[in-house]
Amino acid sequence: MEKLLKVSEFSALSGISRQLLIYYDNQGILHPKHVGQENGYRYYSYHQLTNASVIVSLRQAGMS
């Protein structure tokens, strides 16, 4: 089973703020790999860092 990252850990590695990750989830841009049933916590995989990197690059290029 792969290790999943808490939203704060993923935020630190991706450079995307915790609040923006939650916004991206709500908007359907970048969903977490898993959401805890009992606590609602979001968990991301290391593989999703690639998608996060693309999002950061697009934002730096001026795309909304």
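Along the sequence shown, the residues carry numbers beginning at 1.
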Original post:
Are Met63 and Val54 co-members of a hydrophobic cluster defined by side-chain heavy atoms under 4.5 Å apart?
Top reply: yes

**OP:** Return the minimal non-hydrogen interatomic distance between Tyr46 and Lys3, and the atom names on each side.
**Re:** CD1-O, 3.9 Å

Original post:
Are the side chains of Ser45 and Leu4 in touch, meaning some heavy atoms are under 4.5 Å apart?
Top reply: yes

Subject >> side chain to side chain contact (heavy atoms under 4.5 Å, CB included) partner of Tyr44, chosen from Leu21, Leu49, Asn51 >> reply: Leu21

Original post:
What are the two closest heavy atoms between Gln48 and His31, and how far apart are they?
Top reply: NE2-O, 2.6 Å

Original post:
What pair of heavy atoms forms the shortest contact from Tyr43 to Pro32, and how long is it?
Top reply: O-CB, 3.3 Å

Original post:
Got more than 12 heavy atoms from elsewhere within 6.0 Å of CD, Gln37?
Top reply: no

Original post:
When rounded to the nearest 0.5 angstrom, what is the spacing between OG in Ser53 and CD1 in Ile16?
Top reply: 8.5 Å

Original post:
Mind checking whether Leu58 and Leu13 sit in one hydrophobic cluster, side chains of I, L, V, M, F, W, Y counted as touching below 4.5 Å?
Top reply: no

Original post:
What's the spacing between Arg18 CZ and Arg42 CZ if we round to 0.5 Å?
Top reply: 8.0 Å

Original post:
In terms of hydrophobic clusters joined by side-chain contacts under 4.5 Å, are Val56 and Ile29 together?
Top reply: yes

Original post:
Gly36 and Asn39: which non-hydrogen atoms are nearest, and at how many Å?
Top reply: CA-OD1, 3.5 Å

Original post:
Do you know which two heavy atoms are closest between Gly40 and Val35, and how far apart they sit?
Top reply: O-CG1, 3.6 Å

